[in-house]
Asker: 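Quick one: the structure is below, and I'll ask about it shortly.
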Amino acid sequence: MPRITLGNDEPFSLDQTLGCGQVFRWNHSPDGSWTGVASGKVIRCRQKGRTLSFTGVDEPFIRHYFSFDLDLLAILESVDRDPFIHAAIGQCRGLRLIRQPPWECLCSYICATNTNIPAIRRRVATLAQQFGDAIQEGENTFFSFPDPSRISCTGTASALAECGLGYREPYVFKTACDTTAHETWAENIAALPYEEARRELMKFSGIGPKAADCVLLFSFQTFEAFPVDVWIRRIMREHYLPELPPDTALTTREYDAIRTFARKHFGPYCGIAQEYIYAAREGSKT
DNA sequence: TGCCAGGATATGA
DNA sequence: TCATATCATGGC
């Protein structure tokens, strides 16, 4: 089993990274290992101390996927600007942002609106099962995440109807069609500065401000993106922006006020600060 | 069982 | 350019 041994200056927590809710296709086993499908391959990972062992892909893939090329220690120091984020960093130390394939990320976050993480996981898994390629591994069958053309070219809505997407179903279908028609969409997004890339992503059906920020953060390494969902809004109101009204619908103006504050307060890596705040949110679930 | 959720869209002022 | 209603589903 290949392994990577990380240095003391390379914080990494496999559990935090795969369990924080940024990806939806990894499963935790009772023995502590993780199994997931990424880029059409079944991957198994296990961490013991500073050693990460893995199967299914080569070391460069793992290093790229888990962003081991990023100096996380320096990034965390740069966003560690107050006691609240300091505690979140302490609680979730080693959480790394994964480099997700753009289409899978885009599609997953269309499925992620106004719902909870277990339901998202179920939807994404069903999409893969309905449209992806089967990967046989002994007694177990896994499924690759389908290219958008698999969804856009089926012609029938029946397979998509199996996925429990609810009102998101036409959004997934339309965005699958649009990305199939524009093969270079991701390259185009990658070439744009943050605000422009955000506006372009929001042209896809089912992608609003929050989903666009998630895709930029998780697929395009745009660390200044600061996704605001109900949890983040609640926490930001509680700890940073008390002038925000209590639990009302998040308007565009409010969203912009929050992300502008975050960019100023946490700096250019505010997106990573956001993931730590989100991952540490359990304390706010009262 | 009713409320909540990694919100987006259509509508009407 | 705004606020507001509505949307389908599943988890808890």
Side-chain angles (χ1 to χ4, degrees), chain A residues 16-27 88 92 95 97-98 100 102 104-127 129-130 157-178 198-220 222-223 225-238 244-259 262 270-286:
Chain A
Q16 290 289 348
T17 299
L18 295 178
C20 73
Q22 60 175 323
V23 282
F24 307 107
R25 301 212 64 204
W26 285 88
N27 289 297
C92 305
L95 191 167
L97 292 198
I98 284 170
Q100 299 187 34
E104 179 174 340
C105 188
L106 187 70
C107 186
S108 297
Y109 279 91
I110 293 174
C111 300
T113 64
N114 198 24
T115 188
N116 51 56
I117 290 175
I120 303 166
R121 293 172 56 83
R122 167 195 276 266
R123 292 190 184 112
V124 174
T126 311
L127 272 171
Q129 195 172 339
Q130 291 288 335
S158 59
L160 207 51
E162 294 295 313
C163 300
L165 302 180
Y167 65 87
R168 309 162 192 83
E169 187 179 316
Y171 303 158
V172 168
F173 185 76
K174 185 168 191 320
T175 296
C177 293
D178 289 348
R198 193 171 187 267
R199 280 194 291 274
E200 282 303 307
L201 280 171
M202 287 169 62
K203 291 179 181 173
F204 287 119
S205 181
I207 298 291
K210 191 269 177 182
D213 279 332
C214 283
V215 172
L216 286 168
L217 184 59
F218 301 139
S219 279
F220 293 94
T222 307
F223 301 114
F226 192 87
V228 180
D229 68 346
V230 295
W231 288 107
I232 292 296
R233 183 193 185 282
R234 199 172 295 158
I235 294 167
M236 292 301 285
R237 174 170 181 270
E238 188 175 343
L244 289 175
D247 279 330
T248 54
L250 182 63
T251 64
T252 302
R253 183 183 298 178
E254 259 183 40
Y255 192 117
D256 287 343
I258 293 171
R259 69 189 180 106
C270 59
I272 290 182
Q274 189 272 9
E275 272 311 279
Y276 275 75
I277 291 171
Y278 184 79
R281 74 190 178 286
E282 294 298 330
S284 302
K285 289 182 176 178
T286 50

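Chain identifiers are assigned alphabetically (A, B, ...) following the order of the sequence lines, protein sequences preceding nucleic acid strands; residue numbering begins at 1 within each chain.
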Asker: Thinking salt bridges, do A:Arg233 and A:Asp229 make one under a 4.0 Å N-O criterion?
Answerer: no
Asker: Report the residues that fulfil side-chain contact (heavy atoms from CB on, under 4.5 Å) with A:Ala112, sequence neighbours left out, ordered by chain and then residue number.
Answerer: A:Tyr109, A:Ile120
Asker: Check the distance between B:dC4's P and A:Arg233's CZ and give it to me in whole angstrom.
Answerer: 14 Å
Asker: Using whole Å, what does the distance between atom C1' of nucleotide B:dA8 and atom CZ of A:Phe173 come to?
Answerer: 19 Å
Asker: For DNA chain C, write out the stems as range with range, using runs of 3 or more consecutive Watson-Crick or G-U pairs with both distances under 3.5 Å.
Answerer: B:2-5 with C:9-12, B:7-13 with C:1-7
Asker: According to side-chain contact (heavy atoms from CB on, under 4.5 Å), who are the partners of A:Thr252, at least two apart in sequence or on a separate chain?
Answerer: A:Asp256
Asker: Select base, sugar-phosphate, or nothing to describe what A:Glu254 touches, counting heavy atoms under 4.0 Å on all strands.
Answerer: nothing
Asker: Could you tell me which residues satisfy ring pair (Phe, Tyr, Trp, His ring centres under 6.0 Å) with A:Phe204, sequence neighbours excluded, listed by chain and number?
Answerer: A:Trp185
Asker: Got a list of protein N/O to nucleotides 8-11 of chain C N/O distances below 3.5 Å?
Answerer:
unit_1	atom_1	unit_2	atom_2	d
C:dA8	O4'	A:Tyr167	N	2.8
C:dA8	N6	A:Asn114	ND2	3.4
C:dG10	N2	A:Asn116	ND2	3.3
C:dG11	OP1	A:Arg122	NE	3.1
C:dG11	O4'	A:Asn116	ND2	3.2

Asker: How long is the line joining CZ of A:Arg281 and C1' of B:dA5, in whole Å?
Answerer: 11 Å
Asker: Give me, pair by pair, the N or O atoms of the protein and of nucleotides 9-13 of chain B that are less than 3.5 Å apart, along with how far apart they are.
Answerer:
unit_1	atom_1	unit_2	atom_2	d
B:dT9	OP1	A:Gly206	N	2.6

Asker: Without decimals, in angstroms, what is the distance between A:Ile117 CD1 and B:dC4 C1'?
Answerer: 14 Å
Asker: B:dA8 C1' sits how many Å from A:Lys174 NZ, rounded?
Answerer: 14 Å
Asker: Please list, chain by chain and in numerical order, all residues satisfying side-chain contact (heavy atoms from CB on, under 4.5 Å) with A:Ala279, sequence neighbours excluded.
Answerer: A:Gln16, A:Cys20, A:Cys92, A:Leu95
Asker: Please list, chain by chain and in numerical order, all residues satisfying side-chain contact (heavy atoms from CB on, under 4.5 Å) with A:Arg122, sequence neighbours excluded.
Answerer: A:Thr126
Asker: Could you tell me how far apart A:Ile110 (CD1) and B:dA5 (P) are, to the nearest whole angstrom?
Answerer: 22 Å
Asker: Base, sugar-phosphate, or nothing for A:Ala249, non-hydrogen atoms under 4.0 angstrom?
Answerer: nothing
Asker: Which residue pairs satisfy the salt bridge (Lys or Arg N to Asp or Glu O under 4.0 Å) criterion with at least one member in residues 16-27 of chain A, sequence neighbours excluded?
Answerer: none
Asker: Would you list the pairs meeting salt bridge (Lys or Arg N to Asp or Glu O under 4.0 Å) in which at least one residue belongs to residues 201-212 of chain A, sequence neighbours left out?
Answerer: A:Glu200-A:Lys203
Asker: Taking salt bridge (charged side-chain N to carboxylate O under 4.0 Å, His left out) as the definition, give me every residue that meets it alongside A:Arg237, ordered by chain and number, with sequence neighbours left out.
Answerer: none
Asker: May I ask you to test the A:Leu106-A:Ser219 pair for a side-chain heavy-atom distance under 4.5 Å?
Answerer: no
Asker: For A:Arg168, what residues pass the salt bridge (charged side-chain N to carboxylate O under 4.0 Å, His left out) criterion, not counting sequence neighbours?
Answerer: none
